Amino acid sequence: MVQPDAVTSAIRRAIPDAQVSVEDLTGGGDHLQVTVVSTAFDGLNRIRQHQLVYRALREELASEAIHALALNTSTPS
């Protein structure tokens with residue numbers, strides 16, 4: 001289980017301008033829906049965008065504190 005604030009902090013350490021929204025899908029803290037909006041994604045395809053976020057959360061994913069992650073990424077409008 002991981003706290004939404006910890007997820008937000010981890011992503012913002014890796015992507016400082018990120019606007020992050022974290023939703024706990026089951027109430028157990030290990031199935032999350034995360035939306036990240038950042039200028040760091042400019043010119044990157046969706047796979048590269050997701051890789052940046054996965055890299056930021058690698059410890060949480062490796063330890064299975066996050067068991068399932070639904071991820072949406074985009075650039076600011």
Side-chain angles (χ1 to χ4, degrees):
M1 181 171 139
V2 64
Q3 297 298 318
D5 289 343
V7 172
T8 299
S9 294
I11 293 170
R12 286 193 179 145
R13 276 193 301 277
I15 309 168
D17 78 326
Q19 298 171 22
V20 182
S21 169
V22 180
E23 180 183 353
D24 184 348
L25 296 175
T26 63
D30 62 347
H31 289 71
L32 304 176
Q33 176 157 343
V34 177
T35 301
V36 183
V37 179
S38 173
T39 58
F41 300 145
D42 281 340
L44 299 179
N45 64 32
R46 188 85 52 200
I47 292 171
R48 295 283 186 221
Q49 293 174 17
H50 286 204
Q51 287 174 335
L52 287 176
V53 178
Y54 290 141
R55 193 173 305 127
L57 298 173
R58 69 179 159 261
E59 290 179 26
E60 292 83 355
L61 291 165
S63 70
E64 295 189 15
I66 297 174
H67 177 72
L69 178 65
L71 184 57
N72 296 307
T73 57
S74 64
T75 57
S77 303

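Scope of the values below: all heavy atoms of this structure, side chains included, with no hydrogens, waters or symmetry mates. Note that the structure is predicted; figures quoted are calculated from it, not measured. Throughout, numbering of the chain's residues begins at 1 and tracks the sequence.
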Distance-only check: which donor-acceptor pairs under 3.5 Å involve side-chain atoms of residues 64-77, not counting sequence neighbours?
from, atom 1, to, atom 2, distance (Å)
T73, OG1, Q49, OE1, 2.6
T73, OG1, H50, NE2, 3.3

Does [X] belong to the same Ile/Leu/Val/Met/Phe/Trp/Tyr cluster as [Y], with side-chain heavy atoms less than 4.5 Å apart forming each link?
{"X": "V34", "Y": "L25", "value": "no"}
{"X": "L61", "Y": "V7", "value": "yes"}
{"X": "V2", "Y": "Y54", "value": "yes"}

Using the test side-chain hydrogen bond (donor to acceptor under 3.5 Å, both in side chains), find all partners of [X] that sit at least two apart in sequence or belong to another chain.
{"X": "R48", "result": "Q51"}
{"X": "N45", "result": "none"}
{"X": "S63", "result": "none"}

Check the pair V22 / I11 against side chain to side chain contact (heavy atoms under 4.5 Å, CB included), numbers first and verdict last. CA-CA 11 Å; V22 180; I11 293 170; 5.6 Å; no
For residues 21-34, the side chain to side chain donor-acceptor pair (under 3.5 Å) pairs (sequence neighbours left out) are none
Can you see which heavy atom on L32 is nearest to which on G29, and at what distance? CD2-O, 4.1 Å
So which pairs with a foot in residues 3-26 pass ring pair (Phe, Tyr, Trp, His ring centres under 6.0 Å), sequence neighbours left out? none
Could you walk me through whether L52 and L44 pass the side chain to side chain contact (heavy atoms under 4.5 Å, CB included) check? CA-CA 10 Å; L52 287 176; L44 299 179; 3.7 Å; yes
Intermediate values then yes/no, side chain to side chain contact (heavy atoms under 4.5 Å, CB included), I15 and V53: CA-CA 8 Å; I15 309 168; V53 178; 4.3 Å; yes
Hey, does the side chain of R58 reach the backbone of R55 with a donor-acceptor pair shorter than 3.5 angstrom? yes
